[in-house]
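Note sheet for the following structure.
For the single chain, residues carry numbers from 1 onward in sequence order.
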Amino acid sequence: MEQISWNDFEKVLLVAGTVLQVEPFPQARKPAWKIRADFGPYGQKKTSAQVVSLYTPEQLVGRQIVGVINFPEKQIGPFRSEFLLTGFPTAEGVVLTTIERRVPDGTRMA
């Protein structure tokens with residue numbers, strides 16, 4: 001396992017956001033949702049996430065999530081992803097990183 005410095009970790013903007021909108025992404029190679037989230041002072045950002053097997057749009061809208069918001073944008077077919085939605089892969093699908101209590105959107109993970 002390669003170790004990183006504290007300075008390396010501080011470069012990653014892991015922040016809380018609230019899911020505002022979830023739409024189907026039929027052009028994706030693997031089943032995915034298009035997700036728009038509000039990151040408070042960082043603004044609204046969109047991503048594509050392969051979480052269809054465990055989450056419906058109704059379960060996602062209003063939920064607080066953890067996103068990495070300072071990666072470069074990534075082209076996914078006809079869609080440009082603006083953040084990385086964090087989660088843990090399991091045999092059943094990706095389980096989203098959860099926030100135990102509500103925090104202001106844009107709060108940075110410490």
Side-chain angles (χ1 to χ4, degrees):
M1 169 178 55
E2 181 182 349
Q3 292 189 343
I4 64 171
S5 71
W6 186 254
N7 286 339
D8 291 332
F9 176 71
E10 287 181 324
K11 291 177 187 176
V12 181
L13 276 176
L14 281 158
V15 299
T18 299
V19 175
L20 301 174
Q21 183 178 23
V22 179
E23 298 177 351
F25 188 10
Q27 301 91 342
R29 280 186 267 141
K30 295 181 181 177
W33 298 122
K34 291 181 188 177
I35 297 173
R36 179 171 294 281
D38 182 2
F39 290 99
Y42 299 105
Q44 293 183 14
K45 297 187 179 297
K46 61 186 178 177
T47 195
S48 168
Q50 296 173 359
V51 296
V52 172
S53 63
L54 293 181
Y55 301 96
T56 65
E58 295 78 19
Q59 292 171 318
L60 291 170
V61 172
R63 177 186 286 250
Q64 273 201 310
I65 47 91
V66 177
V68 177
I69 62 168
N70 64 332
F71 281 142
E73 289 186 12
K74 183 176 181 180
Q75 189 74 38
I76 304 171
F79 185 77
R80 291 206 48 93
S81 179
E82 300 172 329
F83 76 96
L84 173 70
L85 181 61
T86 62
F88 299 90
T90 70
E92 294 80 31
V94 175
V95 176
L96 295 179
T97 306
T98 61
I99 299 174
E100 186 221 355
R101 297 180 194 190
R102 196 146 188 87
V103 297
D105 290 333
T107 299
R108 189 169 181 181
M109 184 180 284

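Residue pairs meeting the salt bridge (charged side-chain N to carboxylate O under 4.0 Å, His left out) criterion with at least one partner in residues 46-63, sequence neighbours excluded, are absent. Sorted by first and then second residue, the pairs that involve residues 68-82 and meet salt bridge (charged side-chain N to carboxylate O under 4.0 Å, His left out), not counting sequence neighbours, are E73-R80.
In plain terms, the two heavy atoms of A32 and S48 that are nearest each other are CB-OG, 3.7 Å. Heavy-atom minimum distance, S81 versus T47: OG-OG1, 2.8 Å. Across all their heavy atoms, P104 and A16 have their closest contact at O-CB, 4.2 Å.
Among residues two or more places apart in sequence or in another chain, the side chain to side chain contact (heavy atoms under 4.5 Å, CB included) test is passed with F88 by T97. Partners of E100 by side chain to side chain donor-acceptor pair (under 3.5 Å), not counting sequence neighbours: none found. In terms of the side chain to side chain contact (heavy atoms under 4.5 Å, CB included) criterion, residue partners of R102 (sequence neighbours excluded) are, by chain and number, T18, Q64.
A distance of 7.0 Å separates CZ of F9 from CE of M109, quoted to the nearest 0.5 Å.
In this structure, V22 belongs to a hydrophobic cluster whose other members, linked by side-chain heavy atoms under 4.5 Å apart, are L13, V15, V19, W33, I35, F39, Y42, V51, V52, L54, Y55, L60, V61, I65, I69, F83, L85, V94, V95, L96.
In this structure, Q3 contributes its side chain and S5 its backbone to no donor-acceptor pair below 3.5 Å.
V12 is connected to V66 through a chain of hydrophobic side-chain contacts under 4.5 Å among Ile, Leu, Val, Met, Phe, Trp and Tyr, so both are in one cluster.
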